[in-house]
Amino acid sequence: MLVNFYLKTFLVVALLSVVAFFIHNWWVVDPAIAPLRIYSFLGIATFVTVSALRFVHFYVPDKLGYGFLGLIFIKCGAAIVLFPELIAEDPALTKPELLGFLAPYFIFLFIEVGIVIKWLNDN
């Protein structure tokens, strides 16, 4: 049952990442941050976050909210480390270029929330 959850989660996140990547790649002509980097990071981070939340829920279900907040904080820190151009001042990103990262970031955040809410409702 548990392996089934991880496999389904992986397939859903992978499918959404691939679809979003192709839409983003088609929509944005000359991105400042490569869409492959963005969606690779977001897909992996989403799968790891949901998997870790399932682990937290198994051992301490009453601390799931704290686990979620901690993982989102770690994901935000990882994004800043892996994408230094987001905070660099020299080649400052324009608003559309910044939105090219932030929009997928929040879309994947909502995907995480949706997956967690679904399996919490199933329990």
Side-chain angles (χ1 to χ4, degrees):
M1 180 73 176
L2 194 58
V3 174
N4 190 19
F5 168 77
Y6 291 116
L7 181 62
K8 282 198 303 192
T9 302
F10 176 76
L11 292 175
V12 166
V13 170
L15 179 69
L16 290 172
S17 296
V18 168
V19 168
F21 166 75
F22 281 112
I23 291 172
H24 189 159
N25 208 22
W26 171 74
W27 191 282
V28 179
V29 178
D30 188 25
I33 303 172
L36 184 60
R37 281 181 58 207
I38 293 172
Y39 290 101
S40 297
F41 167 73
L42 291 174
I44 292 168
T46 298
F47 178 71
V48 168
T49 300
V50 172
S51 298
L53 287 174
R54 183 71 176 216
F55 183 79
V56 168
H57 183 260
F58 181 74
Y59 286 105
V60 281
D62 57 327
K63 303 296 183 199
L64 191 63
Y66 291 120
F68 184 74
L69 287 175
L71 289 167
I72 296 305
F73 181 73
I74 291 169
K75 183 174 143 181
C76 181
I80 291 173
V81 169
L82 294 174
F83 300 98
E85 55 266 35
L86 293 173
I87 58 172
E89 291 183 26
D90 297 336
L93 297 177
T94 63
K95 285 183 184 180
E97 291 171 339
L98 188 59
L99 282 175
F101 178 81
L102 290 178
Y105 187 88
F106 284 107
I107 289 170
F108 275 81
L109 182 63
F110 288 127
I111 290 170
E112 289 173 10
V113 170
I115 291 171
V116 170
I117 287 173
K118 175 157 179 14
W119 62 258
L120 282 176
N121 284 336
D122 291 344
N123 290 336

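All heavy atoms count here, side chains included; hydrogens, waters and symmetry mates do not. Keep in mind the model is a prediction, meaning the values are calculated, not measured.
With a 4.5 Å cut-off on side-chain heavy atoms, Ile80 and Leu86 do not count as touching. A heavy-atom distance below 4.5 Å is found between the side chains of Leu64 and Leu120. In this structure, the side chains of Thr46 and Lys75 come closer than 4.5 Å at one or more pairs of heavy atoms. Considering only heavy atoms from C-beta on, Glu112 comes within 4.5 Å of Ile72 through its side chain. Counting only heavy atoms from C-beta outward, the side chains of Phe5 and Val50 approach each other to under 4.5 Å. Taking the side chain as every heavy atom from C-beta outward, Glu85 and Phe101 never approach each other to under 4.5 Å. Between Val13 and Ile115, the closest side-chain pair of non-hydrogen atoms falls below 4.5 Å. Contact of the Thr49 side chain with the Leu53 side chain is registered, since non-hydrogen atoms from C-beta on lie closer than 4.5 Å.
Between Pro104 and Tyr39 the shortest heavy-atom distance is CG-OH, 3.3 Å. Nearest approach of Gly43 to Ser17, heavy atoms of both residues: CA-OG, 3.5 Å.
Residues Tyr6 and Phe10 place their aromatic rings such that the two centres sit no closer than 6.0 Å.
Taken together through direct or relayed side-chain contacts under 4.5 Å among Ile, Leu, Val, Met, Phe, Trp and Tyr, Leu15 and Leu109 form parts of separate hydrophobic clusters. Following chains of ILVMFWY side-chain contacts shorter than 4.5 Å, one cannot reach Trp26 starting from Leu99, and the two form parts of different hydrophobic clusters.
Of the residues listed (Tyr66, Trp119, Phe68), the one engaging His57 in a ring-ring contact (aromatic ring centres under 6.0 Å, His included) is Trp119, and it is the only one.
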Check: Can you list the steps and then say if Phe21 with Ser40 is a side-chain contact (heavy atoms from CB on, under 4.5 Å)?
Finding: CA-CA 9 Å; Phe21 166 75; Ser40 297; over 6 Å; no

Notebook entry, point to check: Do Phe110 and Phe106 pass the ring-ring contact (aromatic ring centres under 6.0 Å, His included) test, and can you show the C-alpha distance, the side-chain angles, and the key distance before you say yes or no?
Noted result: CA-CA 6 Å; Phe110 288 127; Phe106 284 107; 7.1 Å; no

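Panel note: side chain Arg37, backbone Leu82; a donor-acceptor pair is recorded below 3.5 Å.
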